[in-house]
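Notes follow once the structure below has been shown.
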Amino acid sequence: MAKIAAKGSTKSRHYWLFKSEPGAYSIDDLVRDGTTTWDGVRNFQARNLLRDEIRIGDRVLFYHSNVEPMAIVGTMEVTKAAYGDPTARDKKHDHYDPKSTVETPIWYMVDVRLRKRFENPVTRDMLKDCSDLSEMVVLEKGSRLSIQPVTGEEWRAIHALAGEKPD
DNA sequence: GCCAACGTTGGC
DNA sequence: GCCAACGTTGGC
């Protein structure tokens, strides 16, 4: 995963893509809530990005997975850096992990705020058709990473496809 | 609904 | 430390 580490460790502003199945949490939910905790991440590679790389002010693409149409549906901003995910200590929660404690949370989350819901979502097909985006992690065959680095070039190209000004 | 690709677990 | 078995993800 050297490529991911390299992408995630630049000095300039960091850009990311967070996946969510809209049945679990959608852009509409975020429009309603304004801000949310990005909890439930239970993959070590994604956890490491959350805990070690993602900072306040970083920009995030919101991606709807596993639905028709799969698409980037808006942007978010990180408003709180990583802290222990309390859902890991909630026995009744789907993502309960008995190994998680207050002292050693194992799993982390960040807070995010909606910046923009795209009036015209950028569908997966549009991403695939854009030569500037052929390296995107989300397009890699078999990629299951739910927290992914995005380059500044990709960020700008996606905004161009959405007809939005990059911010 | 299918199933390939992937990450994790646990026996050895 | 290996790797088979298992469960999950997520595009198709």
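Being a predicted model, the structure only gives us computed values, none of them experimental. In what follows, chains carry the letters A, B, and so on, assigned in the order in which the sequence lines appear, proteins first and then strands, with residues in each chain numbered from 1.
Of the two residues near DNA chain B, A:Phe44 and A:Lys141, the one whose nearest nucleotide lies more 5' is A:Lys141.
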Counting primed atoms, P, OP1 and OP2 as sugar-phosphate and everything else as base, the B/S/- map of nucleotides 1-10 of chain C against protein heavy atoms under 4.0 Å is ------BBBB

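Under the 3.5 Å distance criterion, the side-chain polar atoms of A:Arg47 are matched with a main-chain donor or acceptor of A:Ile106. Judged purely by atom type and a 3.5 angstrom limit, A:Ser20 uses its side chain to pair as donor or acceptor with the backbone of A:Tyr25.
For the pair A:Lys80 and A:Tyr83, the distance from NZ or CZ to the six-membered ring centre is under 6.0 Å and the angle to the ring normal is within 45 degrees.
A straight line from CG of A:Leu139 to P of C:dG11 spans 10 Å, rounded to a whole angstrom.
Ring orientation note: the planes of A:Trp155 and A:His159 are tilted relative to one another, at an angle of 30° to 60°.
Annotation for A:Ser65 and A:Glu21: closest pair OG-CG, 3.4 Å, computed over non-hydrogen atoms.
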